[in-house]
Colleague: 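Take a look at this one; I'll ask things after.
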Protein chains: 2
Amino acid sequence: MESRPVSIKDVADRAGVAVGTVSNVLNHPARVSSATRERVQAAIDHLGFVRNDAARQLRAGQSRTIGLIVLDVGNPFFSSLARAAEDCAAENGSTVVLGDSGQDTEREARYIDVFEQQRVQGMLISPVGDVGPRVEALRKRGMPVVLVDRVDAQRRCSSVSVDDVAGGYMAVRHLLEAGRRRIVFVGTKASFRQVDDRLAGARQAVGEQEGAVLEVVEADAMTVLAGRDVGGVIARRPAGRLPDGIFCANDLLAIGVMQAVLLIRGLRIPEDLALIGYDDIDFSASAVVPLSSVRKPTELMGRTAVELLLEEIEGPSSRRRQVIFDPELVERGSTTAAVRAAG
Amino acid sequence: MESRPVSIKDVADRAGVAVGTVSNVLNHPARVSSATRERVQAAIDHLGFVRNDAARQLRAGQSRTIGLIVLDVGNPFFSSLARAAEDCAAENGSTVVLGDSGQDTEREARYIDVFEQQRVQGMLISPVGDVGPRVEALRKRGMPVVLVDRVDAQRRCSSVSVDDVAGGYMAVRHLLEAGRRRIVFVGTKASFRQVDDRLAGARQAVGEQEGAVLEVVEADAMTVLAGRDVGGVIARRPAGRLPDGIFCANDLLAIGVMQAVLLIRGLRIPEDLALIGYDDIDFSASAVVPLSSVRKPTELMGRTAVELLLEEIEGPSSRRRQVIFDPELVERGSTTAAVRAAG
DNA sequence: CCGTGCCGTTGAATCGTTTCATTAGCACGT
DNA sequence: ACGTGCTAATGAAACGATTCAACGGCACGG
């Protein structure tokens, strides 16, 4: 009962034509007379023939597949970027296959190997650590690579990333425009580059505004709990030393701060204290007071990454491009009383 | 400069051996003398040779790849299931490639086609709608399929799923054991099967407990906002008509209810009102009062799905198995005063 | 010196598809 | 009748790795 897989040969036999003709029906229907085409199609349907991609690819020397390796599929940033990349690839007749490195160098390496053996058209990689050497080797063998959410310092390949300095600037500029002058930045001591960038942007915005002051408060981690601790400390300050605007390095911290400030002191948000986070995670819109935030243009990044890759596949001669997007400000009730009702 | 890809032939030439020998170095190193092996390895390294998976697979007739199609990679349930499946597959020398159907039948169909053309070893599918006919066709062509998070009514293929009736029972049983008797179930009118199951389990638990009553309250949607509305209505009831335990059909609803109950009436959770949700989303542990919940054994499901699939790949004769797991109760501060501090 | 085993190596056949030079068949004009 | 032009179909070569029957060389025993 377990019959061996149906090949193009079987289809040809059943339709009474040569294998080349069947291939033409599949790839160049116009070259075949309609009578033959129908007979072949009938044979295909009857036998349940499915093209063997391996043979097809072997002959073609290339596949119609793009490999995407992300740090964490559970992270909404990556999952929505992946979705956008898939859409963009589909429009160009390619398929995206997804590999999740889970921040693990070994898994990352395994996926790079698998994808290279599969002869994908190219790879989109959001690298764990320093993939410089790996990428160098890939490029040498003619494999197009585009980095995602990371710039290549040596400009060896194209990349798509976000300007976190601009993001920090936008967040604090927004607080300043709402009339706030005593600003607190909540971050962590052992900082990532991204957090440092956001702080740098914040400093820049405050520096440009006369009479504004910036205070940096350190949290233990980038979590809700750590934010609640920081919020508790701030909420207990004497009235004179209270900030009127807080910018948190991410939304989890901001939500923790919000919980503490509302419960411990009953401050009004945004009237007494405006609050803005970063990343625009799903939950931010559902906080007790909907949280303003700054978000990466995820879909745009996904599409652009695919476009850069296809560009390089078409003409490998073209130079590398580092595309850096500005993030978007998402205004919600935690900074703007007017939109408080909306959420 | 763009040299054509390096093949096994090139390696053979450079090492001064036959192609078969190079193949042996790669696949059966023991058959080759160490001197030759080293010479070949040197040639491989020097030329940067990478195996062509298409040729390999064409010859072998099968790949070492498992296709996994999920409804939404952004959903933590699926991303963590995918992670577990990848790990389990890796332990068995296979690789998982992930396709995101995004609840779209068309995308689902496209991934099924692509995977079948790639001759994956088998597929794990969490189906959008009725994939009965598709799966039937796949099986007829000898492609092993295991359904995820869905049972096949016709028992045509193995599946891994969760017993939501048991989950609903566990949640309410937990409330009853904490001494609560006036229970409210919050769900939606236009219900999914899963929500109906949870309610059925809740009814069963209440039915078994003398003196306990269950009231069903309908929300407009399964969102935080809808939960806040329901919570507001409940919180405004006269003291005599207040429930002392609430079971929400998912965590988003529960969080909304919690927000409303705490802010509008200042009820104490869990002393005045115990609250439990379903799904154990990331944020539940970080709510103002950490939310008790019921969670699917995600990792176990991912691993089991892969195991069922491999089982079927090994011996296609074995009968189909429907594996149904019980979910796990996650006790947090919203139901148990003792663990309130822990979170 | 010859036969026997054994180890290491060889090279042709194979997988299923695409491509392309070639051929077959047919209609038309001279 | 014969060449020309055209469409449609053919079938063999090629893609790159794996497999396996066959072979060459060597050591050893008789």
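Every chain is numbered from 1, with letters handed out A, B, ... down the list of sequences.
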Colleague: Whole angstroms only, please: what is the CG-P distance between A/Asp13 and C/dT17?
Modeller: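 In whole Å, C/dT17 P lies 12 Å from A/Asp13 CG.
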Colleague: Using the closest heavy atom to pick a nucleotide of DNA chain C for each, name whichever of A/Ala54 or B/Thr36 lands nearer the 5' end.
Modeller: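 By nearest-heavy-atom nucleotide position, the 5'-most residue is B/Thr36.
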Colleague: Describe the nucleic acid contact of A/Gly61 in one word from base, sugar-phosphate, nothing, applying a heavy-atom distance below 4.0 Å.
Modeller: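 Since no nucleic acid heavy atom lies under 4.0 Å of A/Gly61, the category is nothing.
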Colleague: Rounded to whole Å, please give me the gap between CZ in B/Arg39 and P in C/dG8.
Modeller: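 Interatomic distance, CZ of B/Arg39 to P of C/dG8: 14 Å.
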Colleague: Atom CG of A/Asp10 to atom P of C/dG16: distance rounded to whole Å?
Modeller: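 From A/Asp10 CG to C/dG16 P: 8 Å.
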Colleague: B/Arg119 CZ to C/dG16 C1': how many Å, rounded?
Modeller: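 The answer, rounded to whole Å, is 9 Å.
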Colleague: Taking for each residue the nucleotide of DNA chain C with the nearest heavy atom, is it B/Ser33 or B/Ala55 whose nucleotide lies nearer the 5' end?
Modeller: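 This one resolves to B/Ser33.
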Colleague: Considering only D/dA9, C/dG16, D/dG16, which nucleotide approaches the side chain of B/Ser7 most closely?
Modeller: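 Nucleotide nearest to B/Ser7's side chain: D/dG16.
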Colleague: Could you check how far NE2 of A/His28 sits from P of D/dA9, rounded to whole Å?
Modeller: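 The distance from NE2 of A/His28 to P of D/dA9 comes to 14 Å, rounded to the nearest Å.
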Colleague: Closest nucleotide of DNA chain D for B/Arg51 versus for A/Ala30: which of these residues is on the 5' side?
Modeller: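 First, find each residue's nearest nucleotide; the 5'-ward one identifies A/Ala30.
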Colleague: Can you tell whether the side chains of B/Arg134 and B/Glu108 come within less than 4.0 Å, N to carboxylate O?
Modeller: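 No, this pair does not count.
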Colleague: Taking atom types as modelled, is there a side-chain donor on B/Thr65 or B/Gln118 under 3.5 Å from an acceptor on the other?
Modeller: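 Note: B/Thr65 and B/Gln118 side chains miss the donor-acceptor criterion.
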Colleague: For the pair B/Ser161 (side chain) and B/Arg150 (backbone), establish whether a donor and an acceptor sit closer than 3.5 Å, ignoring hydrogens and angles.
Modeller: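 No: the side chain of B/Ser161 does not pair with the backbone of B/Arg150.
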Colleague: Counting only side-chain heavy atoms from C-beta out, which of D/dA17, D/dT10, C/dT18 sits nearest to A/Val17?
Modeller: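 The closest nucleotide is D/dT10.
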Colleague: Side chain of B/Ala18: nearest nucleotide among C/dG11, C/dT18, D/dA17?
Modeller: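 Comparing C/dG11, C/dT18, D/dA17 against the side chain of B/Ala18, the answer is C/dG11.
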Colleague: Between B/Arg320 and B/Glu312, is there a salt bridge with N-O shorter than 4.0 Å?
Modeller: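 A salt bridge links B/Glu312 with B/Arg320.
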Colleague: Report yes or no: do A/Asp45 and A/Gln41 form a side-chain donor-acceptor pair below 3.5 Å?
Modeller: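 A/Gln41 and A/Asp45 do have a side-chain donor-acceptor pair below 3.5 Å.
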Colleague: Could you state the atom-to-atom distance from CD of A/Gln62 to C1' of C/dT18 in whole Å?
Modeller: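 Distance, rounded to whole Å: 15 Å.
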Colleague: In this structure, how many angstroms lie between the C1' atom of D/dA9 and the CZ atom of A/Arg37, rounded?
Modeller: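 It works out to 14 Å between those atoms.
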Colleague: Between C/dT9, C/dT18, D/dT18, spot the one nearest the side chain of B/Asn27, thanks.
Modeller: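 Among the listed nucleotides, the one closest to the side chain of B/Asn27 is D/dT18.
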Colleague: Kindly indicate whether the side chain of A/Arg59 and the base of C/dT17 share any N or O donor-acceptor pair separated by less than 3.5 Å?
Modeller: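 Counting by modelled atom types and ignoring angles, no donor-acceptor contact under 3.5 Å is found here.
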Colleague: Does B/Arg56 get its side chain close enough to the base of D/dT18, under 3.5 Å, for a donor-acceptor pair?
Modeller: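 Flag unset: no donor-acceptor pair detected.
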Colleague: Between D/dT18 atom P and B/Asn52 atom CG, what is the distance in whole Å?
Modeller: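 These atoms are roughly 10 Å apart.
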Colleague: Compare side-chain N and O positions of B/Thr21 against OP1 and OP2 of C/dT10 and report whether any pair is under 4.0 Å apart.
Modeller: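 For C/dT10, OP1 or OP2 has a side-chain N or O of B/Thr21 closer than 4.0 Å.
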Colleague: Let's test your reading of the model: under 3.5 Å, does the base of D/dA8 pair with the side chain of A/Arg31 as donor and acceptor?
Modeller: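 No pair found.
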